[in-house]
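Just so we're on the same page: letters track the sequence lines, and every chain starts at 1.
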Amino acid sequence: VSIDDRIRTATEATAATVREIRPLELPAELPARVRRRGDRWIRWGTPLAAAALVMGVALILVALRQMAALQPGPVTSTSAPTVPAGIPRYYVAVVNDTGAGHVAAPWTKAVVGDDQTGRTVAVLNPAAGQNFYGVAAAADDRTFVVENFANSTQLTTWYLLRLTPGAAHPAQLTKLPIRPERPSVDGVALSPDGRELAVMWLDASGQTAGPGPQPMVTSLKVYSVSSGAVLHTWTTKGILGNDRITGWVSGSALTWVDGDRRLDFQWVATTGGAGGTPQSWTDTVRTIDVTAPGGDLLAGSRVAVQVPEFVAADKTRTRYSEPCVGEVTASDGTVVCGSASLGNKSSDEVCSTVPPSFVTYSGTTGKQLKVLGQWHGQCLQARAVPVWTDPGGRHVIAFLLLSEKGSKTSPTEKVGLVADGKFTPLPNLPAVAVANLLRDRLAF
Amino acid sequence: VDYLTGAPPDPRTPHGTRQRITALYQEHALSLVKLAKVMLGDQAAAEDIVQDAFLALYRRWPALEDHDRAVGYLRASVLNGCRTAYRGRTRRDRALRLVPAAADIVSAEESALIGEANRAVMAALRALPARQREAVVLRCYLDLSEDQAAQAMQVSRGTVKSATSRGRAALARMLKEDQ
């Protein structure tokens, strides 16, 4: 058999494995205009201009280096902001160049940063057709899990991200052996020891419970990080109306508690109104014992905290206050709440009703424990969302959006540390992660 | 054909362009994905590259002077995409130490379909330098003439001839050493 025949046979056999391909996806916008002949200089001019720019920057850098060498003197180190002990130093934020925050946004990447110095440690770009869209952290400040959505399979895969600050390759990604089965998930939590991954999502039930939206089924799975095996599965049983985890906008607040023995998650219980529209709803934090047998999510879990109710300032609910948003549970079970208020351009009444604040609740009794920090000024809009808390719920890393009354500038959006009643911004956190305000896009 | 008027689509309008690109996709996409799969060994990446090639054609359609050469443009675009993906993948895999690469994961079904001997040929083919690999695949798999291969690879006919010859010799040597 000639070498040509062997090549032909092998390539045809490989090509024969392609049987189906996905349909063409064309964008909605119009094709580009016809380029005029007069514009052709752009084809030459652009690379030449880029080359000139690179040369210019290189010359400036060389000049600066030589100037620095000519100025001997004592070296003064820039002092990092004072941060209490136990606050994680490294974070991973999932961002993308388009600024869009949805799973389908292309080319999301993971940025690893140092919150004390503001330095970017590494930027991890996914392969073509892959999109990083979520992240969870273990307790060692070095281990993370990154969620990845593949355009071709429309499924989620997971990568373990290990940090070795100071090494030649400070961030290393390893694909986890978990079987891909979901397009996207609504909540993810890595156990403090980094050995178990909890994942939560909503599915349409296919059942109908009268008029109104279709009831949803909530599922929770725990995987072994090392083997990818499913260690435990829970789902909601029966028709529950609109009762559910809150979904992808604010996440499920899935958190490991008491080591790897319990999982807390946010749960919304509704009472029906006319026409299937929920008349009122109750936000709760539920807790489930991971070591106990059983597969019924609600029967196996209990309410740890019932959070204060949503306050609407008008009938259309366009102005409102939420005394508890973005719940995060500390490892001892203490629940930390943020808050949200939205008024209009001329009124500050909703912000006065519920000032932006961070409040803790007991996971045992459900009672309010302490106000960690509160804004006392007048504001038109505010959103205070915890992202991380320490074991006792004393310190919180949080997102803060504040639109002050009378200010002509755009709202302040920052991620910072809440400690001793003060909010101290952390330096250089990626703006996109802040603006999107989606849980599981930023992990400490 | 415009379903309302029965007239052929006007390629100068956005609607006509979409119809023409979609028709080209229906006719040629499968063979282009097969070509990219042969080059890369990874169907997901192959489909991405072909989608990107059609998207680029759609965007450049108004500026394309000879629409009859669209298939040649697509083939060159897919080869270029494979070259970039191959280069990017090896660099990234080295940097991130991703294990294993998608192209190295072959399902049991696919493994049975291809066969052990053919897998050895494909592994040797993918170990060739990019230009030799492209020349050998275009000449032996697609049965293109030297002129057509030169057009797709955007090189001279002489380059295709020498790259094919060297690629064949290197493959014969590698496969002999394996036995």
message: Determine whether A:W158 and A:V199 satisfy the following criterion, side chain to side chain contact (heavy atoms under 4.5 Å, CB included), listing intermediate values before the conclusion.
response: CA-CA 11 Å; A:W158 283 271; A:V199 176; 3.8 Å; yes
Structural part of B:D143 lying under 4.5 Å from a heavy atom of chain A: side chain
Side chain, backbone, both or neither of B:L125 within contact of chain A (heavy atoms, under 4.5 Å): side chain
- prompt: What part of A:I3 is in contact with chain B, defined as an atom under 4.5 angstrom from a non-hydrogen atom: side chain, backbone, both or neither?
  reply: side chain
Pairwise side-chain contact, A:I21 with B:Y25, heavy-atom cut-off 4.5 Å (strictly under): yes
query: Can we say A:R89 and A:D114 salt-bridge, meaning some charged N sits less than 4.0 Å from an Asp/Glu carboxylate O?
result: yes
Salt-bridge criterion met for A:D140 and A:R142 (N-O under 4.0 Å): no
Main-chain N/O of A:V146 paired to A:Y133 side chain as donor or acceptor, under 3.5 Å: no
Top contributor to chain B interface from A:A15, A:A150, A:S152 [non-hydrogen pairs under 4.5 Å]: A:A15
query: If you count heavy-atom pairs under 4.5 Å between each of A:T9, A:T11, A:L24, A:T153 and chain B, which one has the most?
result: A:L24
